[in-house]
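Below: the structure, in structure tokens.
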Amino acid sequence: MVTSLALSVVGLGVAAYLTYAHYGDSGVLACPDSGTVNCAKVMTSTQSELFGVLPVAVLGLAYFVVMLALCLPIAWRSAVALTHRLRIAGALVGVGLVSYLLYAELFQIKAICLYCTAVHVVTVLLFVVIVAADVGRGLTAPSSG
């Protein structure tokens, strides 16, 4: 429980920074701007916006706000099975999106953003923690302690 909450907070912080960089100056990113590691190239690519409108950084920010709420201790203790299923579904959606974004970085953009990678790692770890915790308790039952 605590680990999922901590990961959600870290993810929220990095996603907020990426959102700030997207709407502000991508030059604020303390990241190389040439070669394979090139945050500016990733942040300004066509893949950095969903349907050419919604920045992926904002999507990440919204994702971590929702996951933060679903990872609060009260949500983990909830007797409502839907809460636990939503947390698992959210974690699964996050890993799916990360898989696409990693593909886009490696094969379409041909550059890696260190901050995006941090979000990817946090999202995958969050998925592992949530699945391990929920599977360990039978997916629907609230924790007993």
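Atoms CG and CG, from L5 and L70 in turn, are 11.5 Å apart once rounded to the nearest 0.5 Å. Separation of atoms CG (L102) and NE2 (H120) is listed at 6.5 Å; rounding is to 0.5 Å. We find the CD1-CE distance between I109 and M43 to be 10.5 Å, quoted to the nearest 0.5 Å. If you take OG on S45 and CD on Q108, they are separated by 8.5 Å, rounding to the nearest 0.5 Å. The CG atom of L18 sits 9.5 Å away from the CG atom of L61 when rounded to the nearest 0.5 Å. A distance of 6.5 Å separates CG of L126 from OG of S4, quoted to the nearest 0.5 Å.
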Next item on the list: Show the numbers, then the answer: is there a side-chain contact (heavy atoms from CB on, under 4.5 Å) between T123 and M67?
Entry: CA-CA 10 Å; T123 303; M67 292 309 290; over 6 Å; no
Margin query: side-chain contact (heavy atoms from CB on, under 4.5 Å), that's the test. Do Y23 and V58 meet it? Break it down for me.
Written below: CA-CA 10 Å; Y23 285 111; V58 172; 3.6 Å; yes
Check: When you look at I112 and N38, which way does the side-chain contact (heavy atoms from CB on, under 4.5 Å) test go after all the steps?
Finding: CA-CA 6 Å; I112 295 289; N38 188 333; over 6 Å; no
Notebook entry, point to check: Could you go step by step and tell me if F127 and I88 meet the side-chain contact (heavy atoms from CB on, under 4.5 Å) rule?
Noted result: CA-CA 8 Å; F127 171 79; I88 289 260; over 6 Å; no
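The two residues T83 and S78 come nearest to each other via the heavy atoms OG1-OG, 3.6 Å. The two residues F64 and A15 make their nearest non-hydrogen contact at CD1-CB, 4.1 Å. The nearest pair of heavy atoms linking C39 to L114 is SG-N, 3.4 Å. Closest of all the heavy-atom pairs between V42 and C116 is CG1-SG, 4.1 Å. Taking all atoms of both residues into account, the shortest heavy-atom contact from A111 to K41 is CB-CD, 3.8 Å. The two atoms that bring C113 and E105 nearest to each other are N-OE2, 2.9 Å, heavy atoms only.
Residues P55 and T19 are not in side-chain contact: their nearest non-hydrogen atoms beyond the backbone lie 4.5 Å or more apart. Under the 4.5 Å side-chain criterion, counting only non-hydrogen atoms from C-beta, M1 is not in contact with L72.
By the criterion of side-chain heavy atoms lying less than 4.5 angstrom apart, applied directly or through intervening Ile, Leu, Val, Met, Phe, Trp or Tyr residues, V65 is grouped together with L92 in one hydrophobic cluster. By the rule that hydrophobic residues join a cluster once side-chain heavy atoms approach within less than 4.5 Å of another member, V93 and L82 end up as members of separate clusters. A continuous path of hydrophobic side-chain contacts links V119 to V9 [ILVMFWY only; heavy atoms under 4.5 Å]. Criterion: ILVMFWY side-chain heavy atoms under 4.5 Å apart, direct or through other members. Under it, L68 and V2 are not part of a common hydrophobic cluster. Cluster annotation: L101 and V37 are assigned to distinct hydrophobic clusters (Ile/Leu/Val/Met/Phe/Trp/Tyr, side-chain heavy-atom contacts under 4.5 Å, transitive).
Of the candidates V128, V121, I130, V122, V122 is the only one forming a side chain to side chain contact (heavy atoms under 4.5 Å, CB included) with L7.
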